[in-house]
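In this chain, numbering begins with 1 at the start of the sequence shown. Only heavy atoms go into these numbers, but all of them, side chains included; no hydrogens, no water, no symmetry mates.
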Amino acid sequence: MAKGQEQAAPDAVLTRIGQVAMLHHAGDREEARHRYLALWAEIGERGDPLHRCTLARYLADTQDDPAQELTWDLRALSAAEELTEDRQADRHEGTPAARALYPSLHLDLAADYDRLGHREAARLHLGRARAAAGALAPDRYGESVRASIDRLELRLNGVGPRTDGPDRSDRSEGPEGPEGRGRPPRQRP
């Protein structure tokens, strides 16, 4: 099989995560949470770091409690760190691709900490998101994440609207959606 064809082979777990994401985007948050949790139990704490990172990020979006959302976003960051340290990272398009996750992961954490009233932790992760943003391509997604970083920075500086509370619906909506509140859009698995 040609090298390009090997790389194009679908990842069944990411496909399943994407299918649940469609359910969530269609509005069935509770069912999506239950299915994501079943996938998490199947993958396990020691499963593939890319799968755990992706799944934890989506699971964070389904949480009603901001502290639980933070817990899942921290799990996503931990899995991403494993992915970039993994000697076999090339099976996931290489370490540079994994590093491109960091801006939005840190932005998620900054928004979580902001919602929980932990402004210094929010600023710390916002700074990390901004520092990591150089890994993003100059495409629509990259520009959207950079814009979300800017909006959250304005809000933390008292210039933008407040978003205290659990209103975070779906982080993958368009420009008028939640990433307007400092959240990055999700890339589809």
Visitor: For a quick test of reading the model, state the closest non-hydrogen atom pair linking Ala80 to Tyr102 and the distance between them.
Guide: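 Looks like O-OH, 3.4 Å.
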Visitor: If you measure from the Lys or Arg side-chain nitrogens to the Asp or Glu carboxylate oxygens, is any gap between Glu153 and Arg123 under 4.0 Å?
Guide: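 No, no charged N to carboxylate O under 4.0 Å.
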Visitor: To the closest 0.5 Å, what do you measure between SG (Cys53) and CG (Leu105)?
Guide: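 Between atom SG of Cys53 and atom CG of Leu105 there are 5.0 Å.
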Visitor: Which atom names give the shortest non-hydrogen contact between Ile43 and Leu55, and what distance separates them?
Guide: CD1-CD2, 3.6 Å
Visitor: How close do Ala129 and Pro103 get, counting heavy atoms only, and between which atoms?
Guide: CB-O, 3.4 Å
Visitor: Show the nearest heavy-atom pair for residues Leu116 and Pro66, with the distance to one decimal.
Guide: CD2-CB, 3.6 Å
Visitor: For the atom pair CH2 (Trp72) and CG (Leu37), what is the distance rounded to the nearest 0.5 Å?
Guide: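 Those atoms lie 5.5 Å apart.
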Visitor: Check Arg29 with Asp61, please: is the shortest side-chain N to carboxylate O separation under 4.0 Å?
Guide: no
Visitor: Can you list the residues that meet the side chain to side chain contact (heavy atoms under 4.5 Å, CB included) rule with Ala38, with sequence neighbours excluded?
Guide: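 None.
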Visitor: Distance from Asp150 atom CG to Arg130 atom CZ, nearest 0.5 Å?
Guide: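 That separation rounds to 4.5 Å.
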Visitor: What verdict does the ring-ring contact (aromatic ring centres under 6.0 Å, His included) test give for His125 and Tyr113, after you've listed the backbone C-alpha separation in whole Å, the side-chain angles of each residue and the deciding distance to 0.1 Å?
Guide: CA-CA 9 Å; His125 282 283; Tyr113 283 119; 5.5 Å; yes
Visitor: Just verifying a value: how many Å separate Leu101 CG and Leu50 CG, rounded to the nearest 0.5 Å?
Guide: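 One finds 7.5 Å between CG of Leu101 and CG of Leu50.
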Visitor: Salt bridge check: are Glu42 and Arg16 linked by an N-O gap of less than 4.0 Å?
Guide: yes
Visitor: Quick one: does any side-chain atom of Tyr58 pair with a main-chain N or O of Gly18 as donor and acceptor, under 3.5 Å?
Guide: no
Visitor: Using the salt bridge (charged side-chain N to carboxylate O under 4.0 Å, His left out) rule, take Arg146 and Glu143 through it: C-alpha gap first, then chi angles, then the decisive distance, then the call.
Guide: CA-CA 5 Å; Arg146 287 183 191 91; Glu143 292 307 314; 3.2 Å; yes
Visitor: Establish, from distance only, whether the side-chain atoms of Thr54 and Arg57 form a donor-acceptor pair under 3.5 Å.
Guide: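 Arg57 and Thr54 do not have a side-chain donor-acceptor pair below 3.5 Å.
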Visitor: For Asp11 and His51, which I'm curious about, is there any donor-acceptor pair between the side chains at under 3.5 Å?
Guide: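 Checked: Asp11/His51 side chains pair up, N/O donor to acceptor below 3.5 Å.
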Visitor: Ignoring hydrogens, what is the shortest heavy-atom contact between Ala100 and Leu136? Give both atom names and the distance.
Guide: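 Distance-wise, the nearest heavy atoms are O-CD2, 3.6 Å.
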Visitor: Which heavy atom of Gly44 sits nearest a heavy atom of Arg52, and at what distance?
Guide: O-CD, 3.2 Å
Visitor: Could you give the distance from CG (Leu74) to CG (Asp112), rounded to the nearest 0.5 Å?
Guide: 7.5 Å
